[in-house]
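Report on the structure given below.
Note on naming: letters A, B, ... go to the chains in the order of the sequence lines (proteins, then strands), and numbering restarts at 1 for each one.
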Protein chains: 2
Amino acid sequence: MASLTKKNVRPYKSASKSTPELILDAAEELMSRRGFHGVSIREIASLAEVHLGSVTYHFGTKENLLEAIYERHAQPMNLRRSDLLAEASRITNLSERLLAIVRAFVVPAFSSQSDVSGGGARFTRVRAILSMEGNEAAQKIIANHFDETSAAFVDAVLECCPKADRNSVVWRCHFLLGSLYYTLVSGERIDRLTHGETSGADHQRAIDELSHTFAAAFSDLANTNKEQS
Amino acid sequence: MASLTKKNVRPYKSASKSTPELILDAAEELMSRRGFHGVSIREIASLAEVHLGSVTYHFGTKENLLEAIYERHAQPMNLRRSDLLAEASRITNLSERLLAIVRAFVVPAFSSQSDVSGGGARFTRVRAILSMEGNEAAQKIIANHFDETSAAFVDAVLECCPKADRNSVVWRCHFLLGSLYYTLVSGERIDRLTHGETSGADHQRAIDELSHTFAAAFSDLANTNKEQS
DNA sequence: GTCTATAGCGTGATAGAC
DNA sequence: GTCTATCACGCTATAGAC
């Protein structure tokens, strides 16, 4: 851990973060809550405590800003998933392995990255909203980076469920992603429906619920023949 | 020259639909694809083949338009769900009943209503996007109308799984809704991942996959003790 | 109820002094 | 790299003739 210096304790605009980083942090925070269209560059500049001109100086267009957000998170998250997936593959007990596979998919979407501020959850929220907003530019970026990772998970699940139909596994993986997104974005619904006994903001709980639910859903598939519908 | 006014004559498409209906249809279609912020009133008026002024004459603000969309769908859909849920409750075999309960939740979200154009799927897509966009006005409307229906489903599921923890049922119901939303909005991902062998636009298939997946997820809960985590 | 015109504002993006 | 000033445009909403 780096020693704290005066530079890191600056009263306002922190010197430990470059202007582009400040802008990206602000953009990520705002877009994770209101989407791409719902946020203006002016708001981003204001939250970042940076002048409007600096935003376009560093990023040019609003879409570039979005792409930059994506770029700084996609690779670390995918690496983390690959690592956890490889770890999971070494488990011999099939139902334990299945649970580990689902966790390998879910955990990196929640947990913070050491090198990137804000962590995985905020970025996942951005992706959730963008995928719903139908933003064209975003659709392409998301599709490219994500589908390949998805395919690896489908294959890993299939290895645990030799009798299962691949397409059915895809459907359930899709449901997993939808559940993940919705939980991160609309978690407060859980607070309401459980009358405050559980919170959607409790990431550890969310991870556990997601992984057990979908491990069960995949297990069910393992016991089903391809011919059945 | 005695001229009959042609102004109120609607020569083509509008013969059977009133101007407010045309506007609502257009607004629903556009917002179901790009959300609230992503669509302008001008676009809505243009698609509805109506003049800009007519939109604000009939609805006032953009938010009122959103509320009107919600109003014309919420009650029919909730009624349909109640009916199907009551039907499901009469099934004695527990695993069959569970499947029927999930279907009672899912089917009305996809199927078209006789009296409202566009059907349930488009409206569900609107709700999906709004819930993600974090639009304040929308959040309230959705929470009010939806949570009560959700609670009824949680209770119905609980009756099938006496040993299950209520909070866990809530979490899985939440996942069901997230899966439903994501499938309706990002269905084309399924086409890609199954290499065209299945389509997310195939509503019948989506209904079947959703109901079997979550019936399995709830069954799993039925076999778990409350004390287990 | 329909349609035109426009007020009033916020937006994304740029140019250029510093 | 930073900051100011501004352009050109699209937006929501309104006023008023028809």
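Whole-Å rounding puts the Ile44(A) CD1 to dG12(C) P distance at 8 Å. Put simply, CZ on Phe59(A) is 16 Å from P on dT14(C), counting in whole angstrom units. Distance CD1 (Ile23(A)) to C1' (dG1(D)): 11 Å, rounded to an integer number of Å. Here the P atom of nucleotide dG1(C) and the NZ atom of Lys17(B) are 18 Å apart, to the nearest Å. At whole-Å resolution of the value, CG in Asn64(B) and C1' in dT14(D) are 15 Å apart. Between Leu52(A) atom CG and dA15(C) atom P the separation is 15 Å, expressed in whole Å. Distance NE2 (His51(B)) to C1' (dG16(D)): 16 Å, rounded to an integer number of Å. Atom CD of Glu63(A) and atom P of dT11(C) are 18 Å apart (whole Å).
When the side-chain nitrogen and oxygen atoms of Thr19(B) are compared with OP1 and OP2 of dG1(C), none of them lie within a distance under 4.0 Å. Applying the 4.0 Å criterion to OP1 and OP2 of dG1(C), one finds that His58(B) has every side-chain N and O outside that range.
Between dA13(C), dA13(D), dC3(C), one nucleotide has an atom nearer to the side chain of Thr61(B) than all others, and that is dA13(D). For Thr56(A), counting side-chain heavy atoms from C-beta on, the closest listed nucleotide (dA13(D), dT14(C), dT2(D)) is dT14(C). Among the nucleotides dT14(C), dA13(C), dT2(C), the one closest to the side chain of Tyr57(B) is dT2(C).
Under 4.0 Å is where a charged nitrogen must lie from a carboxylate oxygen, and between Arg72(B) and Glu28(B) at least one such pair does.
With hydrogens and angles left out, the side-chain atoms of Arg172(B) and Thr213(A) include a donor and acceptor closer than 3.5 Å.
Projected onto DNA chain D by closest heavy-atom contact, Ile41(B) and Pro20(A) fall at different nucleotides, the more 5' of which corresponds to Pro20(A). If Ser54(B) and Gly60(A) are placed on DNA chain C by their nearest nucleotide, the residue sitting closer to the 5' end is Ser54(B).
You'll find the side chain of Val169(A) stays beyond 4.5 Å of the side chain of Phe153(A), heavy atoms only.
The base of dG12(C) sits with one of its N or O atoms less than 3.5 Å from a complementary donor or acceptor on the side chain of Arg42(A).
When heavy atoms are screened at a 4.0 angstrom cut-off, Ser40(B) is found touching the sugar-phosphate backbone but no base atom.
With sequence neighbours excluded, the residues that form a side chain to side chain contact (heavy atoms under 4.5 Å, CB included) with Arg34(B) are Leu30(B), Val39(B), Glu43(B).
None of Arg205(A), Glu209(A), Glu197(A) except one satisfies the side-chain hydrogen bond (donor to acceptor under 3.5 Å, both in side chains) rule with Asn167(B); the exception is Glu197(A).
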